[in-house]
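Atoms within a ligand are numbered from 1 in the order they appear, just like the ligands themselves.
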Amino acid sequence: MDFTIDQETQEKARLTRQFCEKNIDPFAAGWDQGETISTSVFEQMAELGLMSLRIPSENGGDSASFVECGSLVYEVGRSDVGLALMVVNGVFFGEIMPLMTEAVRDRWAPRVAAGAPFAITLTEPEAGSDAANIKTTARRDGDEYVINGEKGSVSYAGLAEFGLIFARTGGPGARGVSMIATPWDAPGIEKRPYASVGERVTKRGQVVYTDLHVPADGLVGAENEGFRQAMQFFDYNRAFLTLACIGAAERSLEEVSEHVRTRQAFGGPLARFQGVSFPIAEHLTKLEAAKLLAYKVLSLKDAGLPHSKEAAMVKWFGIREAYEAIHDCLLLAGWPAYSAELEHDRRMRDVMGLELGDGTSQIMKMVVAREVLGRESLPYSRPTSA
Ligand SMILES: Cc1cc2nc3c(=O)[nH]c(=O)nc-3n(C[C@H](O)[C@H](O)[C@H](O)COP(=O)(O)OP(=O)(O)OC[C@H]3O[C@@H](n4cnc5c(N)ncnc54)[C@H](O)[C@@H]3O)c2cc1C
């Protein structure tokens with residue numbers, strides 16, 4: 001299996017890191033403390049091509065491979081995991097473009113490529129892991145859909161220019177759910193960004209739809225099939241999210257390695273104690289293993305091969321490992337890290353969010369078990385659940 005990162009991508013990754021260190025690092029702590037990110041950061045990310053990685057070349061994008069995309073998501077994650085989600089959303093948009101009507105594609109593809117954030121709204125107060133059980137409805141009324149319902153935990157809820165709404169257009173289960181695109185300033189959409197444990201740059205929040213009218217050509221994919229069609233694209237996503245978290249963890253390990261080389265205690269540098277150096281060595285080892293598994297997922301995706309099992313494996317294992325690595329870095333950095341003078345605590349909170357977002361660790365393990373043991377291993381019988 002070949003997941004070589006070619007010279008051109010390495011150069012893009014180098015430029016991305018340079019950009020992030022100059023334009024993201026100095027501001028990430030402020031965004032974490034509640035400042036609103038300037039749209040110019042998104043525009044600059046877009047100028048670097050980060051928002052249009054999988055938008056086809058004929059629509060002004062890059063048609064990058066998934067392995068390439070992963071290496072760039074990793075770079076952004078080193079600086080800010082929440083912003084890496086923007087890049088991941090951009091890839092998702094590129095992937096679902098073939099499902100869009102011309103109206104949706106022509107309106108939003110250029111905006112995404114220019115750096116416009118958008119929201120994907122699936123989770124509801126009463127449907128998270130059991131996502132196929134959502135209650136939000138989209139009722140067809142002439143040449144419009146009328147949408148009512150409530151969504152929770154929506155990344156970019158407070159910053160988006162448009163949204164992709166999952167809503168029930170048919171019967172129960174996954175087969176009754178459609179995906180519909182709408183401008184985010186439409187009457188009938190109430191956004192309530194809330195205080196989040198991490199990834200605060202994304203202004204995550206609750207969204208309420210009350211008699212929201214959306215032209216019917218906002219439908220993405222076939223009616224009642226949007227959920228199933230979109231889910232096909234979600235597996236690789238798990239490798240991206242993991243790479244963003246590994247980026248954050250490796251950054252913390254680099255910083256703490258420098259610290260323990262210079263910090264003096266008991267007559268010499270901390271680094272000479274195995275109680276200090278071994279956790280660093282162990283985390284570097286496990287993160288490297290997770291990184292290789294993530295690139296394997298993306299390489300399988302590039303080759304058009306199945307990768308659900310590997311994607312679920314890497315999400316629960318890699319993100320947990322990234323969290324634990326950063327936790328240890330925080331402890332090895334001592335009290336300054338606990339007073340939030342350093343970046344470890346922000347990274348730790350950001351990474352923890354992705355233990356939940358896009359499928360929890362328990363759900364990932366269920367996917368692995370299902371792939372190996374068959375559907376008999378599932379604790380529920382509904383055949384249409386995600
Ligand atoms: C940082 C972050 C970003 C997010 N961004 C978005 C977004 O942009 N759009 C969006 O729609 N949603 C988003 N989400 C929501 C996310 O997808 C859900 O949190 C996730 O699907 C889990 O749903 P839940 O939180 O309702 O937990 P629940 O489904 O209520 O689960 C609660 C706990 O029970 C466990 N559990 C549930 N079912 C089982 C089972 N069958 N077996 C064993 N354990 C089980 C879960 O693993 C979890 O630990 C985001 C969440 C976070 C934290």
Side-chain angles (χ1 to χ4, degrees), residues 31-32 77 80-93 96 117-136 147 149-160 162-168 174 177 179-181 184 189 191-209 226-227 230-231 233-235 237-238 240-242 244-245 248 312 315-316 319-320 322-323 346-370 375 377-382 385-386:
W31 300 329
D32 182 52
D80 194 310
V81 168
L83 276 188
L85 294 187
M86 268 276 289
V87 181
V88 174
N89 276 4
V91 172
F92 177 74
F93 186 91
I96 61 170
F118 66 96
I120 302 171
T121 78
L122 173 63
T123 304
E124 298 184 353
E126 290 174 35
S129 303
D130 191 7
N133 198 26
I134 59 164
K135 305 263 184 313
T136 295
I147 303 181
E150 180 182 338
K151 300 288 182 180
S153 195
V154 175
S155 300
Y156 288 99
L159 297 168
F162 70 99
L164 296 170
I165 304 173
F166 288 92
R168 190 160 299 288
V177 177
M179 181 174 18
I180 299 167
W184 217 225
I189 306 184
K191 284 92 68 175
R192 301 176 189 157
Y194 47 60
S196 186
V197 171
E199 295 175 23
R200 293 175 180 157
V201 66
T202 74
K203 302 281 179 206
R204 224 152 48 83
Q206 183 190 18
V207 183
V208 179
Y209 306 115
F227 178 80
M231 284 303 140
F233 303 110
F234 266 65
D235 285 347
N237 216 42
R238 293 169 176 161
F240 285 155
L241 300 181
T242 308
C245 294
K315 185 172 186 291
W316 78 259
I319 297 183
R320 185 67 201 175
Y323 175 84
R346 172 178 65 83
R347 292 186 194 128
M348 196 172 72
R349 288 182 281 106
D350 288 355
V351 164
M352 187 205 288
L354 293 181
E355 288 192 86
L356 284 170
D358 198 13
T360 67
S361 295
Q362 288 94 324
I363 298 300
M364 293 304 104
K365 290 173 195 176
M366 280 167 59
V367 172
V368 176
R370 183 193 66 197
R375 297 195 72 85
S377 70
L378 295 179
Y380 52 81
S381 57
R382 194 175 56 228
S385 289

Residue set satisfying ring-ring contact (aromatic ring centres under 6.0 Å, His included) with Phe240, at least two apart, ordered chain then number -> Tyr236
task = Under the ring pair (Phe, Tyr, Trp, His ring centres under 6.0 Å) rule, what do Phe118 and Tyr156 come out as? Steps first, then yes or no, please.
result = CA-CA 6 Å; Phe118 66 96; Tyr156 288 99; 8.6 Å; no
Review point. Do Ile120 and Ser155 touch side chain to side chain, with heavy atoms closer than 4.5 Å?
Key: no
Worksheet entry | Sub-4.0 Å protein heavy atom next to atom 30 (O) of ligand 1 | no
All heavy atoms of Gly198 vs all of Ser196, minimum pair found to be O-OG, 2.9 Å
Rounding to 0.5 Å, atoms CG (Asp358) and CG (Asn237) come to a distance of 5.0 Å
Nearest non-hydrogen protein atom to atom 10 (C) of ligand 1, with distance, is Thr123 OG1, 3.4 Å
| said: Yes or no, since that's all I need: does a protein heavy atom fall within a distance strictly under 4.0 Å of atom 2 (C) of ligand 1? | reply: yes
task = Mark yes or no for whether Lys151, through its side chain, and Leu122, through its backbone, hold a donor-acceptor pair below 3.5 Å.
result = yes
Quick look: Arg204 vs ligand 1, heavy-atom contacts under 4.0 Å, and the answer is side chain
### Task
Apply the test side chain to side chain donor-acceptor pair (under 3.5 Å) to residues Arg204 and Ser153: give CA-CA distance (whole Å), side-chain angles for both, the deciding distance (0.1 Å), then the verdict.
CA-CA 6 Å; Arg204 224 152 48 83; Ser153 195; 2.3 Å; yes
For Leu122, the atoms of ligand 1 under 4.0 Å from one of its heavy atoms are 10 (C), 11 (O)
Atom 8 (O) of ligand 1: closest protein heavy atom, distance to 0.1 Å, is Ser155 N, 3.0 Å
- Message: Looking at ligand 1, would Lys151 count as a contact under a 4.0 Å heavy-atom criterion?
- Response: no
If you scan protein heavy atoms around atom 25 (O) of ligand 1, the nearest is Leu356 CD2, 4.5 Å
among protein heavy atoms, the one nearest atom 48 (C) of ligand 1 is Thr360 CG2, 4.0 Å
Checklist entry - Where the side chain of Lys135 meets the backbone of Arg168, is there a donor-acceptor pair that is under 3.5 Å apart? => result no
closest protein heavy atom to atom 28 (P) of ligand 1 is Ser129 OG, 3.7 Å
Problem - Heavy-atom protein contact below 4.0 Å for atom 34 (O) of ligand 1 - result: no
closest protein heavy atom to atom 24 (P) of ligand 1 is Gly128 CA, 3.9 Å
- Quick one: does Val201's side chain get under 4.5 Å of Asp80's, heavy atoms only? yes
If you scan protein heavy atoms around atom 7 (C) of ligand 1, the nearest is Ser153 O, 3.4 Å
Under 4.0 Å from one or more heavy atoms of Met366, ligand 1 contributes atoms 40 (C), 41 (N), 42 (N)
Let me check something: any side-chain donor-acceptor pairs from residues 348-357 under 3.5 Å, sequence neighbours excluded? List them with distances.
from, atom 1, to, atom 2, distance (Å)
Arg349, NE, Asp345, OD2, 3.4
Arg349, NH1, Asp32, OD1, 3.1
Arg349, NH1, Val197, O, 2.8
Arg349, NH2, Asp32, OD2, 2.7
Arg349, NH2, Asp345, OD2, 3.2
Asp350, OD1, Glu199, N, 2.6
Glu355, OE1, Arg320, NH1, 3.2
Glu355, OE2, Arg320, NH1, 3.4

Ranked by distance from atom 45 (C) of ligand 1, the top protein heavy atom is Gln362 CB, 4.2 Å
At under 4.0 Å between heavy atoms, what of Asp358 touches ligand 1? The answer is backbone
Going by the 4.0 angstrom heavy-atom rule, the piece of Ile120 near ligand 1 is backbone
Any non-hydrogen protein atom below 4.0 Å of atom 5 (N) of ligand 1? yes
Given the options Ile180, Ile96, Thr121, Leu164 meets side chain to side chain contact (heavy atoms under 4.5 Å, CB included) only with Ile96
